[in-house]
Amino acid sequence: MKLAESFYIRRNVTTIARQLLGKILTTKINNLITGGMIVETEAYSYKERGCHAFKGRTQRNEVMFEQGGKAYVYLCYGVHEMFNVVTNKTGKADAILIRALEPVSGIEIMQDRMGVNSSKRITSGPGKLTRALGIDRKLNGEELKKNIIWIEDKGIQIKQTAIVRSARIGIDYAGEDALLPWRFTIKGNKWISK
DNA sequence: TACGTGATCACG
DNA sequence: GTGATCACGTAA
């Protein structure tokens with residue numbers, strides 16, 4: 001069952017980031033279905049320096065200021081498309097970066113998109129999973145309740161004791177906010193990014 | 001450890 | 001307009 005709109009709003013972004021672990025992210029692009037279980041997330045809030053929305057609204061981060069339940073997709077280092085889930089109410093620009101998936105659906109399609117013959121590590125990183133699932137900036141602002149990109153709850157429960165908190169990756173520019181333990185992973189899962 | 005890659009943003 | 005920077009991935 002797709003996550004309800006209420007899942008994405010009126011709750012702490014860190015709570016939502018934790019609860020996204022074990023949920024299934026799926027895309028239907030060019031009529032091809034691909035998807036995987038979320039095993040690594042990072043929370044970002046407009047209140048802290050790690051977040052694209054910290055300094056206010058810009059052309060790139062505009063969708064972050066909209067109501068939760070949409071995709072925020074941007075290009076990183078000129079090469080990698082990055083997929084985030086927008087959360088919180090209109091004007092409260094929170095988002096969660098999806099950093100790694102465990103492949104579930106359309107594994108051959110994902111291998112083709114990655115140009116490899118094995119499923120090994122095809123979705124273990126934020127730039128890789130978007131490529132495997134066919135996600136790019138055309139999906140920026142897309143509503144997750146529609147049938148192009150969505151997140152489902154298939155009843156998989158991740159115990160609190162199986163969740164690891166750590167500092168977020170690659171945001172040294174955020175100063176002391178880079179130390180916030182806002183990265184969530186499923187303990188021992190082999191699909192976590194390196 | 002180094003660097004490709006091109007959009008973005010803060011300057012003026 | 002311009003230049004530094006960047007929520008990565010791969011090669012070495």
Side-chain angles (χ1 to χ4, degrees), chain A residues 8 12-18 20-21 25 27 34 36 38-66 68 70-88 92-103 110-142 144 149 151 164-186 189-194:
Chain A
Y8 300 107
N12 288 337
V13 66
T14 52
T15 300
I16 302 173
R18 205 166 57 231
L20 279 173
L21 296 175
L25 173 65
T27 59
T34 50
I38 298 169
V39 302
E40 177 177 350
T41 61
E42 281 178 1
Y44 289 87
S45 166
Y46 65 98
K47 295 175 186 169
E48 49 86 20
R49 304 195 71 87
C51 183
H52 286 168
F54 178 72
K55 293 177 186 169
R57 197 182 290 256
T58 68
Q59 193 167 24
R60 178 176 68 166
N61 68 26
E62 198 175 344
V63 67
M64 291 183 74
F65 289 82
E66 296 180 22
K70 293 181 178 173
Y72 167 47
V73 185
Y74 70 94
L75 187 69
C76 183
Y77 295 105
V79 183
H80 309 288
E81 310 280 346
M82 306 286 273
F83 168 69
N84 298 252
V85 177
V86 175
T87 70
N88 216 330
K92 309 286 189 186
D94 292 348
I96 297 161
L97 173 66
I98 306 301
R99 287 191 57 89
L101 303 175
E102 177 172 326
M110 294 195 280
Q111 289 177 187
D112 286 348
R113 288 180 179 145
M114 300 303 282
V116 297
N117 288 317
S118 150
S119 65
K120 193 178 178 200
R121 301 190 71 73
I122 49 174
T123 51
S124 57
K128 292 164 77 175
L129 73 90
T130 53
R131 184 175 162 199
L133 269 63
I135 297 168
D136 63 24
R137 283 163 288 167
K138 290 195 293 294
L139 296 189
N140 189 41
E142 191 65 34
L144 302 177
I149 181 166
I151 302 176
V164 179
R165 296 182 67 133
S166 56
R168 295 170 294 177
I169 306 293
I171 55 162
D172 292 345
Y173 60 86
E176 64 181 13
D177 288 337
L179 302 176
L180 292 170
W182 284 12
R183 174 177 179 235
F184 301 90
T185 59
I186 296 178
N189 187 282
K190 69 174 186 178
W191 297 93
I192 290 166
S193 69
K194 69 170 168 46

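Lettering of chains follows the sequences in order, A, B, ..., and the numbering in each one begins at 1. Heavy atoms only: backbone and side chains are in, while hydrogens, waters and symmetry mates are out.
- Closest approach of A:Val13 and A:Tyr44 over heavy atoms only: CG2-O, 3.9 Å.
- When the C1' atom of C:dT10 is taken as reference, atom CZ of A:Arg131 falls 11 Å away, rounded to whole Å.
- Under 3.5 Å, the side chain of A:His52 and the base of C:dA7 form at least one donor-acceptor pair of N or O atoms.
- Against DNA chain C, the stretch residues 70-79 of chain A makes heavy-atom approaches under 4.0 Å through A:Tyr74, A:Cys76, A:Tyr77.
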What does the list of N/O pairs under 3.5 Å between the protein and nucleotides 10-12 of chain B look like, with a distance for each?
none

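- For A:Tyr46, there are no ring pair (Phe, Tyr, Trp, His ring centres under 6.0 Å) partners at least two apart in sequence or on another chain.
- Between the C1' atom of C:dA7 and the CZ atom of A:Arg168 lies a distance of 9 Å, rounded to the nearest Å.
- For NZ of A:Lys92, the number of neighbouring non-hydrogen atoms (other residues, nucleotides, ligands) closer than 6.0 Å is 12 at most.
- At the heavy-atom level, A:Arg137 lies under 4.0 Å from the strands shown only through sugar-phosphate atoms.
- Separating the CG atom of A:Asp172 from the P atom of C:dC6 is a distance of 9 Å, rounded to the nearest angstrom.
- The side chain of A:Lys194 places no N or O atom within less than 4.0 Å of a non-bridging phosphate oxygen (OP1 or OP2) of C:dT10.
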Exercise for review: Could you give me the CA-CA distance, side-chain angles and deciding distance for A:Glu40 and A:Arg183, then say whether salt bridge (Lys or Arg N to Asp or Glu O under 4.0 Å) is met?
Suggested key: CA-CA 7 Å; A:Glu40 177 177 350; A:Arg183 174 177 179 235; 3.0 Å; yes
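- Here A:Arg60 lies in heavy-atom contact (under 4.0 Å) with sugar-phosphate atoms only.
- Put simply, CG on A:Leu139 and CD1 on A:Ile149 are 5.5 Å apart, with the number rounded to the nearest 0.5 Å.
- To the nearest 0.5 angstrom, A:Leu133 atom CG is 6.0 Å from A:Leu101 atom CG.
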**Study point:** Bracket notation of DNA chain C in which parentheses pair within the strand, [ ] cross earlier pairs, and | pairs with another strand (Watson-Crick or G-U, under 3.5 Å)
**Key:** ||||||.||||.
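- Protein atom NE2 of A:His80 is 16 Å distant from nucleotide atom P of B:dC3, rounded to whole Å.
- Whole-Å rounding puts the A:Arg99 CZ to C:dC8 C1' distance at 8 Å.
- One atom, CG of A:Leu97, and another, C1' of C:dC6, lie 14 Å apart when rounded to the nearest Å.
- With a 4.5 Å cut-off on side-chain heavy atoms, A:Leu25 and A:Phe83 count as touching.
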I'd like a table of atom pairs between the protein and nucleotides 1-5 of chain C - only N or O on both sides, under 3.5 Å - with the distance next to each one.
none

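- Across A:Ser45 and A:Cys51, no two heavy atoms sit closer than the pair O-CB, 3.0 Å.
- With respect to A:Arg137 and A:Glu81, a salt bridge is recorded, a charged nitrogen being found less than 4.0 Å from a carboxylate O.
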**Study point:** Check against salt bridge (Lys or Arg N to Asp or Glu O under 4.0 Å), A:Glu62 and A:Arg57
**Key:** CA-CA 6 Å; A:Glu62 198 175 344; A:Arg57 197 182 290 256; 5.0 Å; no
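- Separating the CG atom of A:Leu180 from the P atom of C:dA7 is a distance of 16 Å, rounded to the nearest angstrom.
- Distance CD1/A:Ile151 to CG/A:Leu144: 5.5 Å, rounded to 0.5 Å.
- Taking atom CE of residue A:Met114 and atom C1' of nucleotide C:dC8, one finds them 12 Å apart after rounding to whole Å.
- For the atom pair A:Ile96 CD1 and A:Arg18 CZ, the distance stands at 10.5 Å (nearest 0.5 Å).
- In summary, of the residues considered (A:Arg99, A:Arg168, A:Arg165), a salt bridge (Lys or Arg N to Asp or Glu O under 4.0 Å) with A:Glu42 occurs for A:Arg99 alone.
- Sorted by first and then second residue, the side chain to side chain donor-acceptor pair (under 3.5 Å) pairs with a member in residues 110-124 of chain A read A:Thr34-A:Arg113; sequence neighbours excluded.
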